[in-house]
Amino acid sequence: SLGYDGRYINLDANGLLESITIDGKTESVQMDCGFYKGAVGNNEVFGVHSNRSSGAYIFRPNGTLNLFAQNPSVTIVQGDVVSEVRYKYSDWISSILRIYRGAEPFHVEHEWLVGPIPIDDQGFGKEVVMRYHVKDLHNNGEFLTDSNGREMLKRRMNYRPTWDVDLDEKISGNYYPVTTRIAIEDGDNIWSVVTDRAQGGSSLRDGTMELMVHRRLTHDDAFGVGEALNETAFGKGLVVRGIHYIVPGSHADARKVVQNKVLHPWYFLSSSENIPFEDWR
Amino acid sequence: RADLIAMREAMGIMQHHDAVTGTEQQHVADDYARVLNIGFHDCDDITSKALSKLMGSAEPVQLTNCMLLNVSSCPVTETNDDFVVTIYNPLSREVRPLVRLPVASTTAQYTAKCPEGKEHPTQVNVLPVEVLKIPGRPGQALGELTFLTGCVPPLGYKSFYISKVSKPKPAKKPRTFAPKEPT
């Protein structure tokens with residue numbers, strides 16, 4: 001267990017997240033990462049064939065989530081201010097789980113780094129997601145997202161509030177924009193994941209929240225951009241680094257985390273070499 | 001204010017649906033980054049003056065807004081043993097940030113003092129280069145300084161004087177699992 005003042009993240013024998021304890025109450029929580037293969041090829045829409053690969057405008061997975069094997073290399077650092085668990089899943093995906101002393105409201109920070117996503121080896125693009133699973137929470141296909149950047153909107157699997165829907169694409173059809181927060185709830189048991197930027201997200205399985213953090217695709221989706229979503233920097237696929245904040249507790253707590261983290265303060269720095277503390281004061 | 005024009009123009013351009021959703025072509029994305037970068041730099045002067053006013057300082061304070069903090073790079077914190085970090089809270093409510101700054105050393109210890117002289121707990125971790133490796137970004141910092149700031153008031157600021165401890169106490173070594181080969 002790593003943590004402070006009755007709040008802990010508990011790891012299994014391999015160093016993977018097993019549960020989170022807050023003031024004596026322990027909840028089983030699992031964390032996965034994986035990727036969807038981007039669909040390539042044509043699609044029939046109203047009898048017309050057209051290119052409909054996964055691309056900038058549309059998320060179209062080919063198959064279900066491919067999870068990374070659960071044996072990343074693990075390093076643990078314990079300290080007085082912050083304790084962290086570092087996972088390296090492969091050469092292009094790694095993450096750090098952090099718990100801070102005195103973090104109010106309580107949250108667990110998950111910093112991830114993804115990229116450059118390899119696309120040459122297998123010939124298809126990949127869309128990487130982080131998934132969080134609260135094992136004993138049953139949200140029965142309902143979840144909440146702040147898709148409009150304002151209030152939380154309730155979402156239901158395979159459902160639209162104003163018409164009868166029959167989804168052909170069960171994964172992407174249940175993905176919604178997440179501006180800063182996605183949440184699942186079962187009575188008073190509420191868990192949220194706060195993002196540091198807008199992402200796509202869903203709750204495709206009971207008790208889970210998944211968020212798409214990076215995409216690299218090989219084909220244009222024919223919706224107008226005219227190029228594949230294949231960004232590069234320094235001649236390699238883009239590397240993306242960001243943070244998810246896992247917040248157990250009330251919606252009010254999660255909203256405070258959004259205010260603290262998404263609209264975070266500005267840091268200004270200046271040298272104080274040769275300026276004694278008293279002078280600076 | 002002439003020095004706000006570039007940022008105003010950038011914000012105007014960023015209203016386009018391609019900028020909001022990320023459906024722009026790559027060369028347009030590069031241009032968005034260019035325009036925003038110019039906007040940020042043009043705002044440096046007015047930001048320093050505004051903070052000086054808030055601090056009641058007669059002279060404009062020289063402050064750097066490190067644009068590469070998100071990739072653990074900051075010349076001020078990496079090259080100086082003593083530096084000042086000022087945290088400005090633009091919200092109308094108080095916040096309690098946890099500050100992480102890149103530093104050059106992995107073994108050094110630092111003190112973080114507020115103007116009242118109170119020391120806030122700090123910690124330096126080795127920056128896990130193997131975990132947070134960014135290709136094509138040489139010179140990433142080796143260490144990472146973390147400290148708790150306590151409350152920063154609404155529309156206000158808090159400054160900390162950070163200095164390297166000349167004779168550090170023996171520090172705890174990180175507990176490390178035997179690494180496995182990832183598959």
Side-chain angles (χ1 to χ4, degrees), chain A residues 14-15 56-57 68-69 71-82 84 86-91 94-96 100-104 109 111 113 115-116 223-227 230-236 239 241 259-260 263-275 277 280-281, chain B residues 22-26 29 47 51 61-66 69-71 74 76-77 80-91 93 95-99 101 113 115 117 121-123 125 128 130-136 146-148 152 161 163 172 174-177 179-183:
Chain A
N14 294 318
Y57 285 89
F68 280 89
N71 60 346
S73 65
V74 178
T75 310
I76 292 175
V77 180
Q78 285 177 293
D80 293 333
V81 177
V82 57
E84 58 187 44
R86 299 163 178 176
Y87 299 106
K88 187 167 169 54
Y89 293 92
S90 75
D91 284 344
S94 50
S95 73
I96 302 177
Y100 290 93
R101 181 188 290 278
E104 286 296 338
E109 182 179 297
E111 181 167 16
L113 185 133
F223 271 100
V225 68
E227 62 184 35
N230 180 10
E231 295 167 287
T232 56
F234 305 105
K236 295 182 177 179
V239 179
R241 183 170 156 185
Q259 288 166 357
N260 271 282
L263 306 168
H264 59 77
W266 305 350
Y267 300 155
F268 297 95
L269 298 136
S270 52
S271 168
S272 58
E273 295 284 346
N274 306 317
I275 305 173
F277 173 72
W280 167 75
R281 250 181 95 169
Chain B
T23 47
E24 73 280 16
Q25 290 194 340
Q26 183 62 49
T47 311
L51 269 172
V61 287
Q62 293 300 313
L63 297 163
T64 307
N65 181 4
C66 270
L69 273 180
N70 65 331
V71 288
C74 176
V76 176
T77 58
N80 291 289
D81 286 346
D82 301 323
F83 57 89
V84 172
V85 54
T86 297
I87 301 153
Y88 174 69
N89 173 16
L91 304 180
R93 59 189 76 83
V95 293
R96 294 172 175 274
L98 307 156
V99 176
L101 298 170
K113 281 187 193 171
T122 63
Q123 183 179 331
N125 282 343
E130 73 286 359
V131 176
L132 295 176
K133 182 174 64 181
I134 300 176
T146 305
F147 67 97
L148 309 171
V152 181
Y161 187 94
S163 47
K172 279 182 194 169
R175 205 180 74 187
T176 308
F177 266 79
K180 293 175 181 176
E181 281 299 314
T183 53

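First the proteins, then the strands, lettered A, B, ... as listed; each starts at 1. Computed over heavy atoms, backbone and side chain alike; hydrogens, waters and symmetry mates excluded.
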A:Val225 vs B:Gln25, side chain to side chain contact (heavy atoms under 4.5 Å, CB included): CA-CA, chis, key distance, verdict:
CA-CA 6 Å; A:Val225 68; B:Gln25 290 194 340; 3.8 Å; yes
Is there a side chain to side chain contact (heavy atoms under 4.5 Å, CB included) between A:Ile275 and B:Asp82? Walk through the geometry before answering.
CA-CA 9 Å; A:Ile275 305 173; B:Asp82 301 323; over 6 Å; no
Before giving the answer on side chain to side chain contact (heavy atoms under 4.5 Å, CB included), spell out for B:Asn80 and A:Leu269 the whole-Å C-alpha distance, their side-chain angles and the decisive distance to 0.1 Å.
CA-CA 11 Å; B:Asn80 291 289; A:Leu269 298 136; over 6 Å; no
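When A:Phe268, A:Trp266, A:Tyr267 are each tested for a ring pair (Phe, Tyr, Trp, His ring centres under 6.0 Å) with B:Tyr88, only one passes: A:Trp266.
Taken from CD in B:Glu24 to CD in A:Glu227, the straight-line distance is 9.0 Å, to the nearest 0.5 Å. Within the model, atoms CG of A:Asn260 and CZ of B:Arg93 stand 9.5 Å from one another, a figure rounded to the nearest 0.5 Å. Of the inter-residue distances, the one linking A:Gln78 atom CD with B:Asn125 atom CG reads 11.0 Å to the nearest 0.5 angstrom. Separation of atoms CG (B:Leu148) and CD (A:Glu104) is listed at 11.0 Å; rounding is to 0.5 Å. In this structure, the separation between CD on B:Gln26 and OG1 on A:Thr232 is 5.5 Å, given to the nearest 0.5 Å.
The aromatic rings of B:Tyr161 and A:Trp280 sit tilted relative to each other, their planes meeting at an angle between 30° and 60°.
If you measure heavy-atom distances from B:Pro115 to chain A, the contacts under 4.5 Å come from both the backbone and the side chain. Interface remark: A:Tyr57 contributes backbone and side-chain atoms alike to the contact with chain B (heavy atom separation under 4.5 Å).
Options A:Gly102, A:Pro265, A:Ala56, A:Ser270 differ in how many heavy-atom pairs under 4.5 Å they form with chain B, and the most are formed by A:Ser270. Chain A forms more heavy-atom pairs under 4.5 Å with one residue of B:Thr146, B:Leu98, B:Ile87 than with any other, namely B:Leu98. The greatest number of non-hydrogen atom pairs below 4.5 Å with chain A, out of B:Val152, B:Asn89, B:Thr47, is found for B:Thr47.
The shortest heavy-atom contact between A:Asp80 and B:Gln123 is N-OE1, 3.3 Å.
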